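Reminder, nothing fancy here: chain letters follow the sequence lines and each chain counts from 1. Keep in mind that what you see is a predicted model, and the values were worked out from it rather than measured.
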There are 2 protein chains.
Amino acid sequence: MNDKKLKIINAAKKSFSHFGYKATTMDQIAKIAQVGKGTIYTYFSSKEEMLKAIIDLFVVEMRDVAESAIPRRQPFIKSFNEVLHTITKFQSEHELMIKLSQEVKEIGTPEVIAAMKSVEDEICEFIEVKIETAIERGELRKCDPKITSFLMFKMYVNLVNDWKERHEPLDKDQIAELINTYFIEGIGMKNEDY
Amino acid sequence: MNDKKLKIINAAKKSFSHFGYKATTMDQIAKIAQVGKGTIYTYFSSKEEMLKAIIDLFVVEMRDVAESAIPRRQPFIKSFNEVLHTITKFQSEHELMIKLSQEVKEIGTPEVIAAMKSVEDEICEFIEVKIETAIERGELRKCDPKITSFLMFKMYVNLVNDWKERHEPLDKDQIAELINTYFIEGIGMKNEDY
DNA sequence: TAATGACCAATTTCGTATTTTAGTCGAAAA
DNA sequence: TTTTCGACTAAAATACGAAATTGGTCATTA
């Protein structure tokens with residue numbers, strides 16, 4: 001990625017983080033990046049493409065962080081919660097994500113909704129691969145990796161975000177325990193229970 | 001409930017079902033109910049209170065239907081999916097609920113959001129009681145009934161509504177099987193697996 | 001040839017006139 | 001008296017045209 005393009009990306013990231021997507025103008029980005037507005041369009045075909053490019057970079061970073069949160073030589077399933085916690089924390093430490101989440105709630109900008117959804121998809125896909133591996137290694141029973149990752153991710157989000165709408169928020173360890181209880185062990189009676 | 005009050009309730013229900021909450025005016029309700037507008041206010045203190053009253057009646061009906069969907073002398077957990085399916089079907093057969101769900105998505109009327117949330121809460125509470133019973137009867141392992149019902153309901157909604165946003169929709173039986181796989185049995189390796 | 005910013009069409013914002021609506025209240029009816 | 005009513009009102013929603021803003025283009029420039 002050449003120098004000018006990087007300058008533009010950084011300017012856009014800064015402005016999106018500070019003012020949100022909708023409230024950022026192309027003129028503003030050009031000014032921050034110290035380039036003419038036309039120059040932006042030699043690198044990005046539209047404002048939305050810029051957002052996508054920035055989100056893509058973010059996702060790459062996020063993958064790295066998530067990957068490095070998986071302890072070597074430990075069943076993935078044990079570290080699942082740790083990984084999602086890391087991802088959540090990573091997101092919450094980035095002004096960009098905070099601002100964009102806000103924008104989805106408060107304005108509902110379609111481009112931003114799509115962008116945030118793509119981040120969720122990436123997380124799901126990340127988990128999916130890990131689950132496939134876990135099944136191959138015999139750490140998990142056979143199950144559809146796509147549905148499983150979808151449900152695990154949703155359950156995590158439900159516990160972290162939705163539960164606290166009407167109840168005391170749950171902390172990291174409680175969530176880890178809950179996911180293990182419901183998802184891994186199951187709450188049906190087992191033979192050994194009798 | 002006296003005759004006039006019932007007439008008003010029915011008129012309101014009809015209008016809400018047809019035009020939605022926001023697009024229904026008190027004059028309209030009065031006209032349909034064939035009463036003066038002032039009369040409405042002798043029975044209901046506000047438009048929102050009318051909505052709540054109607055929702056309350058709906059919830060009572062829904063509870064009955066749900067209750068009767070539970071086969072006698074069978075573990076609740078076996079019929080959980082059947083019950084939720086019945087509730088979902090019951091809702092989807094009522095113009096009122098369809099219209100209000102739409103209004104939440106398209107307009108986001110705060111009163112309607114609150115009303116629909118209260119319906120969800122009722123469903124969760126219904127499940128909660130059933131889960132408590134199931135635990136007492138030894139059909140389920142010990143677990144927090146509030147969190148369990150919350151998660152089961154969410155998982156059901158995730159599978160019915162969210163999954164189909166990006167994948168082929170799942171049918172009733174698939175969902176039943178999935179909830180059983182993940183929630184009841186768990187996907188962790190069991191002793192007997194070895 | 002890469003970069004630029006004046007320019008344009010389209011959308012958004014803004015101010016305001018107009019209409020609509022939830023809720024009130026004095027009077028009529030029961 | 002008690003219940004019902006609908007004209008009335010203040011507040012909110014809407015309609016709408018003018019003005020400003022903005023994403024994107026392109027002829028000019030360095």
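Rounded to whole Å, atom C1' of dG6(D) lies 16 Å from atom CD of Gln34(B). Atom pair Phe19(B):CZ and dT20(C):P shows a separation of 16 Å (rounding to whole Å applied). In this entry the distance linking CG of Asn2(B) with P of dT2(D) reads 17 Å, nearest Å. For the pair Asp27(B) CG and dT9(D) P, the computed distance is 16 Å after rounding to whole Å. With rounding to whole Å, Tyr41(B) atom OH is found 4 Å from dG23(C) atom P. Between the P atom of dT4(C) and the CD1 atom of Ile29(A) lies a distance of 15 Å, rounded to the nearest Å. Atoms CD1 (Ile40(A)) and P (dG23(D)) sit 10 Å apart, rounded to a whole Å. Rounded to whole Å, atom C1' of dT3(D) lies 16 Å from atom NZ of Lys5(B).
Each of Ser45(A) and Gly38(B) was assigned the nucleotide of DNA chain D with the nearest heavy atom; the assignment lying further toward the 5' end belongs to Gly38(B).
Closest to the side chain of Lys22(B), from the set dT14(D), dC8(D), dT4(D), is dT14(D). Listed nucleotides dC5(D), dA7(D), dC7(C) differ in distance to Lys37(A); the shortest reach to its side chain belongs to dC7(C).
Remark: Tyr21(B) is not in phosphate contact with dA22(C), judged by side-chain N or O atoms under 4.0 Å from OP1 or OP2. Contact check, Tyr43(B) against dT4(D): a side-chain N or O comes under 4.0 Å of OP1 or OP2. OP1 or OP2 of dG23(D) sits under 4.0 Å from a side-chain N or O of Lys47(A). Lys4(A) has a side-chain polar atom (N or O) that falls below the 4.0 Å cut-off from OP1 or OP2 of dA3(C). Note on Thr39(A): a side-chain N or O is less than 4.0 Å away from OP1 or OP2 of dT4(C).
You'll find the side chain of Lys7(B) reaches within 4.5 Å of the side chain of Gln34(B), heavy atoms only.
Residue contacts shown for Ser46(B) are limited to sugar-phosphate atoms, with no base heavy atom under 4.0 Å away.
Of the N and O atoms on the side chains of Asp173(B) and Asn81(B), not one donor lies less than 3.5 Å from an acceptor on the other residue.
A salt bridge does not link Lys22(B) to Glu103(B): none of the charged side-chain nitrogens sits closer than 4.0 Å to a carboxylate oxygen. Look at Lys117(B) and Glu165(A) and you find a salt bridge, because one of the NZ, NE, NH1 or NH2 atoms lies within 4.0 Å of a carboxylate O, short of that distance.
At least one test fails for Lys99(B) against the ring of Phe19(B): distance under 6.0 Å to the centre or angle within 45° of the axis.
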